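Okay, structure first, notes after.
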Amino acid sequence: MRLLIVEDEERLARNLAAMFESSGYAVDLAFDGERAERLLCDERYDAAILDLGLPKIDGVTVLRRCRSASNAVPILVLSARGSWHEKVEAIDSGADDFVVKPFQIEEVMARVRALIRRAAGQLQSELRHGALTLDPRTAKVTLGGAPMRLTSHEYRVLAYLMHHRDRVVSQIELTEHIYAQDFERDSNTVEVFIGRLRRKLGATSIETVRGLGYRMGAP
Amino acid sequence: MTLRASGVILRSLRGRILLAALLWSLGLFVMLNHVVYKVMVALLPGLRQSQMILFGLTGSSLMLAALWLLASALRRVDAVRSGVASLRSGEGKRLDAGGLAELEPLVRDMNSLLDHRERVVRRALATAGDLAHGLKTPLAIVAQEAERLEATSESECGVTLREQVERMRRQVDYHLARARASASGTPYGAHVELRPVAERLVRTMDRLHAGKGHAFAIDIPESCTVRCETEDLEEMLGNILDNACKWARSAVTISASRIAADAVRTPSGVTITVEDDGPGIDPAIRDRVLQRGVRADEASPGSGLGLAIVADLADLYGGSVTLEAAPRGGLRVQLMLPPGAV
């Protein structure tokens with residue numbers, strides 16, 4: 001899962017990023033509205049956390065432009081200004097959720113997980129596929145009840161496929177959702193991760209759909 | 001030249017009164033003349049009837065003109081007074097001198113006082129907002145550090161820090177809302193249509209509480225208005241609805257009705273009723289929830305001072321909040337606000 005955090009207070013942004021990274025997310029940071037807008041436009045995120053009081057372009061404008069460009073990425077607004085007037089404005093501008101500062105990181109993480117789940121049409125917080133379970137809250141994967149040890153990239157590939165298990169995911173799409181922006185990308189490595197996941201979870205756990213991409217194998 | 005001179009006289013209250021007095025005396029003089037004539041006619045029957053009528057008509061019309069002039073001058077003074085009244089009710093924003101020279105400086109001064117007051121309030125609000133914003137980001141960082149401490153160390157330090165940060169946040173929220181309220185909860189409240197505000201808020205609640213899938217029902221007549229600033233109405237309704245969404249099992253309803261003034265000194269108003277089908281609030285602590293700084297459930301995240309803020313805001317507008325049990329078992333919150341113009 002790939003996440004964008006937009007927050008002009010660098011320390012806050014880095015703390016948030018560290019917490020999300022430790023739960024298996026690939027995180028990009030932006031410290032002003034201009035960069036946020038460019039990243040939202042160029043990259044594919046599974047969710048974004050957006051502060052409203054930003055330098056250069058304010059958060060509400062970023063939100064409106066993002067929505068008018070028909071970008072449907074789930075966005076959680078994080079703001080120090082918490083009056084209902086501001087919440088209504090943010091939601092009407094296209095935000096999906098609103099958290100007022102100061103916040104508890106656990107709450108923000110739970111809300112981001114819920115946003116990603118809802119965007120993918122999932123209702124349960126724990127994802128199940130046959131004997132395989134994946135819990136985004138703890139970033140833990142079990143197979144038939146036994147915990148599996150996965151690297152962070154393997155976890156991201158599996159989490160993305162599990163979230164979108166009713167369709168085929170292309171190799172490019174997978175690449176876009178497992179790496180942070182400044183990471184050297186190589187779509188061949190996706191094949192490597194898939195190969196490793198198959199070795200750990202069973203050869204039929206992930207299917208290759210020739211010419212289209214991957215999907216979870218029949219449970 | 002004469003036209004301009006008469007214009008100057010008419011524009012001045014003093015001029016009008018003088019002119020009125022002049023006309024009145026002239027009329028009285030002519031009328032007296034008429035009486036004198038009558039006596040003369042009685043004494044000297046040779047005088048013509050038509051001359052008498054002419055004198056009578058001229059005299060009375062001059063007096064009528066004097067009365068009209070005075071009445072119209074006073075009407076303009078009255079217009080300024082009702083202008084002040086419409087400022088109070090929020091229909092008018094500024095005063096108009098109605099073309100009377102004596103009132104113009106007064107009205108100009110009052111208008112610039114209003115301008116000044118508006119600017120000061122706006123600046124104070126911006127400062128309060130900036131202060132809150134400036135405090136909250138550092139608080140967020142402290143809260144994060146507290147969470148890290150809690151996770152990594154055995155001591156109670158992290159828990160205490162987190163609790164204190166939460167208390168500070170509530171204080172900032174509460175006083176910011178109060179500052180906003182006392183700045184706008186003046187007699188100069190605007191008229192807000194209730195329905196669009198409720199619809200916007202329900203849309204927001206639907207998004208913020210998306211996981212719960214509550215059903216919302218709005219039953220508010222068109223053109224139902226209250227006398228209140230839009231932001232404050234949003235703050236009150238937002239807090240009430242948010243609380244309802246937090247506790248409701250499946251449904252939240254919001255309705256409004258006008259209540260007419262009755263004989264028992266109850267002023268007319270608009271009652272907004274929000275009901276949920278949740279567990280409700282224990283009657284023993286209902287009153288305490290509306291008091292500053294008390295929360296019914298200290299554990300529920302973000303319940304903050306919501307209902308206490310609502311009670312405070314309503315009070316500033318001369319309204320009130322009551323909590324009671326809803327027919328379906330949940331909580332029914334009734335918010336009474338002064339009615340807006342129809």
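Keep in mind it's a predicted model, so treat the numbers as computed, not measured. Quick note on labels: first sequence line is chain A, next is B, and so on, each numbered from 1.
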So which of [options] has the biggest tally of heavy-atom pairs under 4.5 Å with chain A?
| options | answer |
| --- | --- |
| B/Ala143, B/Ala210, B/Gly134 | B/Ala210 |
| B/Glu234, B/Gln144, B/Arg148 | B/Gln144 |
| B/Leu233, B/Val142, B/Leu208 | B/Leu208 |

Check your understanding: Around atom CD of A/Glu21, are there more than 12 heavy atoms of other residues, nucleotides or ligands at under 6.0 Å?
Key ->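 Count over threshold, so yes.
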Exercise for review: For A/Lys140, look at atom NZ and say whether over 12 heavy atoms of other residues, nucleotides or ligands are found less than 6.0 Å away.
Suggested key: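 No - once you tally the heavy atoms of other residues, nucleotides and ligands closer than 6.0 Å, there are 12 at most.
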Check your understanding: So what's closer than 4.5 Å to chain B heavy atoms on A/Ala90: side chain, backbone, both or neither?
Key ->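 Answer is neither: A/Ala90 stays 4.5 Å or more from chain B.
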Check your understanding: Contact part of A/Asn15 toward chain B, heavy-atom cut-off under 4.5 Å: side chain, backbone, both or neither?
Key ->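 Backbone plus side chain of A/Asn15, per the 4.5 Å heavy-atom cut-off to chain B.
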**Study point:** Exercise: identify the closest heavy-atom pair between B/Lys136 and A/Ala80
**Key:**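 Heavy atoms only, the tightest pair is NZ-O, 2.6 Å.
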[atom1]-[atom2] distance between [X] and [Y], expressed to the nearest 0.5 angstrom:
| X | Y | atom1 | atom2 | answer |
| --- | --- | --- | --- | --- |
| B/Glu231 | A/His85 | CD | NE2 | 4.5 Å |
| B/Asp206 | A/Ile91 | CG | CD1 | 10.0 Å |
| B/Thr204 | A/Glu86 | OG1 | CD | 12.5 Å |

Practice item. Name the member of A/Leu115, A/Asp97, A/Leu78, A/Ile105 that forms the most heavy-atom pairs with chain B at distances under 4.5 Å. Key: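 Sorted descending by pairs with chain B, the first entry is A/Ile105.
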Practice item. Answer yes or no: is there a donor N or O on one side and an acceptor on the other, between the side chain of B/Glu235 and the main chain of A/Trp84, under 3.5 Å? Key: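 Yes; at least one donor-acceptor contact below 3.5 Å.
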Point to revise | salt_bridge(B/Glu145, A/Arg11) N-O dist < 4.0 Å | key: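 Counted as a salt bridge, because a side-chain N and a carboxylate O are separated by less than 4.0 Å.
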Check your understanding: With a 4.0 Å cut-off, would you call A/Asp96 and B/Arg207 a salt bridge?
Key ->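 Counted as a salt bridge, because a side-chain N and a carboxylate O are separated by less than 4.0 Å.
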Review point. Considering only heavy atoms, which portion of B/Met236 lies under 4.5 Å from any heavy atom of chain A: side chain, backbone, both, or neither?
Key: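 Neither part, no heavy atoms under 4.5 Å.
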Review point. Any side-chain heavy-atom pair from A/Lys87 and B/Leu201 closer than 4.5 angstrom?
Key: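 With C-beta onward as the side chain, the pair stays apart.
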Point to revise | Audit row: B/Arg162, A/Gln104, side chain to side chain contact (heavy atoms under 4.5 Å, CB included) steps and yes/no | key: CA-CA 9 Å; B/Arg162 186 165 50 73; A/Gln104 303 207 335; 3.3 Å; yes
